[in-house]
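The structure under discussion appears below in the form of structure tokens.
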Amino acid sequence: MRILAYIGQRLVLLIVALLGVSIITFVVTRVLPGNPAYLIVGVQADYSTVAAVIEKLGLDKPIPEQYFLYMKQLFAGDLGSSWRTGNPVTYDLKSRWPATIELATIAMLLAISWAIPLGLVSALKKRSITDRLAKILSGLGVSIPEFWLATLLILVFFAIFHIAPAPIGRISRASPPDLITGMYLIDSILTGNMTALKASAKQIILPAVTLAFVIGAPLLRVTRAFMNEVLESQYIRSARAMGIPKQSLIFRHALPNVLLPVTTMIAVLYGYLLGGTVLVEYVFAWPGMGKYAIDSINSSDYAPVMAVVLLSALSYLIIYLLTDLLHFFIDPRTR
Amino acid sequence: MLQDQLNRDAKKSLTHNMKWWLIKILYTPCYLALAIIFLIALIGPWFVGDPLALSVGPRLTAPTLASPFGTDQYGMDILSRVVNGARIDLLAGLSAAMLAASIGMPLGAFAAYRGGVWDQVMLRTSESFQAFPVLILAMGAIAALGSSMLNMIMVIALVNVPVYIRLTRSAVLPLRDKDFVLAARCAGLTDWKILRRHILPNVAPVIIAQFSVNCAWAIQILAALSFVGLGVKLPTPEWGAMVRGGSDYILYGQWWVSVFPGLAILLTVLTLNQVADRIGQIRR
């Protein structure tokens with residue numbers, strides 16, 4: 001019963017947060033200086049054309065009414081249309097959203113697979129070479145500009161050693177698989193298309209590694225810090241005094257307590273990734289949401305930008321909610 | 001007589017303090033590195049050539065003794081540009097972090113100190129902000145407002161404000177009901193005075209550490225904005241713009257145009273982050 005109350009409470013908070021998000025995007029698009037009508041018709045248009053567009057967009061109405069109309073449009077699933085591509089934004093997002101999710105997921109999995117083991121080992125073996133390495137890597141990962149790291153990887157693996165393919169998007173020298181989910185890797189496995197699988201796997205490695213390095217750093221830090229804290233705690237000391245073997249000490253007593261902050265961190269990072277692959281997508285010409293946003297910004301096409309912002313904010317909030325619910329099952333204390 | 005003695009003591013302790021600071025800076029690698037970076041930004045430009053001087057001779061030359069970092073596609077000397085870039089990037093980073101702190105800190109302290117509705121509103125707003133893809137939001141705002149340096153500093157500061165609100169709030173909250181605060185309130189001090197004189201000094205280390213991290217972050221955002229072509233435009237020696245300028249040549253193996261300015265960003269940001277870690281350790 002308590003879990004239902006908890007879910008209810010969190011859903012109310014989610015709605016409040018979403019309301020906040022919609023107000024902010026509304027303010028940025030509609031209220032900030034700069035008349036969107038001029039962006040549509042151009043600065044040289046005559047007065048009557050501008051007036052007609054203003055009326056069509058509802059810009060002459062009072063701001064609360066404009067907000068109401070804007071919300072009505074959002075609830076109808078209408079995110080406007082992009083004049084750069086000539087499509088409704090929802091149509092454009094159908095191919096780009098999976099591309100970003102695919103990249104973010106692969107990057108997250110890579111980050112988890114290097115950062116968490118390294119963090120645990122470095123906490124267990126303090127002042128060892130592994131610990132030093134972990135410190136250096138996490139310091140670098142937090143500080144390195146990801147667009148520069150991406151550029152360096154292209155330099156080393158494409159320009160010098162010719163191992164990686166050219167940074168030109170999701171697939172090269174093969175035709176994309178038949179689309180089911182929109183994620184090339186999954187779709188090519190589902191359709192048994194091995195050439196497409198190989199080609200798209202090659203394309204995703206460098207951007208995913210770039211993101212995994214950058215995202216792994218904070219994950220490593222959190223894992224290391226909390227493992228340290230747990231290892232110094234009273235209950236681990238008592239467990240050790242009771243002669244519990246080291247293996248079960250680490251895996252049964254210490255690890256579950258580290259899991260909580262680490263899963264939170266993973267959720268925060270994954271939520272961040274869904275809107276934060278912009279720079280890497282830009283460098284690798286990855287046709288995802290980030291590149292869509294940048295291309296749209298560069299041609300003053302605002303509907304797609306706001307759609308991307310809204311969608312990533314929404315997915316961040318939902319991921320955060322899911323993690324909190326997950327904690328309900330991981331951590332008996334919250335029940 | 002006594003006055004003289006006091007003055008002398010004060011002077012002595014001042015020089016003593018300065019000596020102590022100097023030793024501390026020299027023996028802590030990250031402080032030393034930060035000092036060197038600031039020194040480069042301050043006086044470096046006088047020692048290197050004109051960052052905008054176009055060369056009529058060979059362009060895109062690899063590093064040599066005459067130009068240790070090579071030249072870019074317009075024949076401009078990269079060393080000179082990287083050194084001059086330090087001024088622009090550091091100045092922008094510092095001003096953005098300062099602006100963000102000066103807005104976010106009072107708001108956060110006020111929210112925590114007053115509690116109630118204000119606190120909830122502030123907390124929820126800054127939480128909603130956290131859900132946003134900061135970079136895309138900043139890009140959109142810059143594109144709408146125009147990419148002058150002032151606009152960029154303002155936008156970068158604005159996206160950093162929520163961080164300060166939350167940080168100051170969480171630092172002030174446990175202090176609110178401490179005895180010394182109650183005592184100050186009993187003595188009839190105004191809320192503003194209590195915040196300024198009794199609470200803020202106690203949260204200063206956290207804020208200073210955050211300030212350093214924030215500077216680093218501001219520099220990263222500025223460089224990223226310039227890298228995607230929305231921020232500083234090319235002849236200006238800004239690090240992100242320079243990485244962008246060289247990114248086309250990377251494909252052909254001409255690495256020096258992008259690598260050196262990127263390295264400058266990395267070293268500066270790394271140093272600022274290390275300084276923040278260091279300050280955080282002192283607190284504990």
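Note: hydrogens, waters and symmetry copies are ignored here, and every other heavy atom, side chains too, is used. Just so it is clear: chains get the letters A, B, ... in the order the sequence lines come, proteins before strands, and each one is counted from 1.
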Best-contacting candidate, [options], against chain B by heavy atom pairs under 4.5 angstrom:
options	value
A/Ser296, A/Ala293, A/Pro145	A/Pro145
A/Ile294, A/Val309, A/Leu314, A/Val308	A/Val309
A/Val142, A/Val305, A/Leu317, A/Leu149	A/Val142

What part of [X] lies closer than 4.5 angstrom to a heavy atom of chain A: side chain, backbone, both or neither?
X	result
B/Ile136	both
B/Ala224	both
B/Val259	both
B/Leu251	both

Nearest atoms (heavy-atom pairs only) where B/Val213 meets B/Ala276 | CG2-CB, 3.4 Å
Verify, without hydrogens or angle tests, whether A/Ser143 (side chain) and A/Leu140 (backbone) share a donor-acceptor contact under 3.5 angstrom.
->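 No, A/Ser143 side chain to A/Leu140 backbone: no donor-acceptor pair under 3.5 Å.
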Got a list of side-chain donor-acceptor pairs under 3.5 Å for residues 150-162 of chain A, not counting sequence neighbours?
unit_1   : atom_1 : unit_2   : atom_2 : d
A/Thr151 : OG1    : A/Phe147 : O      : 2.5
A/His162 : ND1    : A/Phe158 : O      : 3.1

Proximity breakdown for A/Val278 and chain B, heavy-atom pairs closer than 4.5 Å = side chain
Given the rule in the side chain to side chain contact (heavy atoms under 4.5 Å, CB included) test, do A/Ile101 and A/Tyr270 qualify, once you have shown the distances and angles that lead to the verdict?
-> CA-CA 10 Å; A/Ile101 293 184; A/Tyr270 191 60; 4.0 Å; yes
Given ring pair (Phe, Tyr, Trp, His ring centres under 6.0 Å), test B/Trp255 with B/Phe260 step by step and report yes or no.
-> CA-CA 9 Å; B/Trp255 51 274; B/Phe260 289 115; 5.6 Å; yes
Cut-off 3.5 Å, no hydrogens considered: what does the side-chain donor-acceptor table look like for residues 264-272 of chain B, sequence neighbours left out?
unit_1   : atom_1 : unit_2   : atom_2 : d
B/Thr268 : OG1    : B/Ala264 : O      : 2.7
B/Thr271 : OG1    : B/Leu267 : O      : 2.6

About how many Å separate CD1 of B/Ile165 and CG of B/Asn160, when rounded to the nearest 0.5 Å?
->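 Here the interatomic distance stands at 11.5 Å.
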Select, from B/Val243, B/Ile219, B/Val228, the one with the greatest count of heavy-atom pairs under 4.5 Å involving chain A.
->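 Top option by heavy-atom pairs under 4.5 Å: B/Val228.
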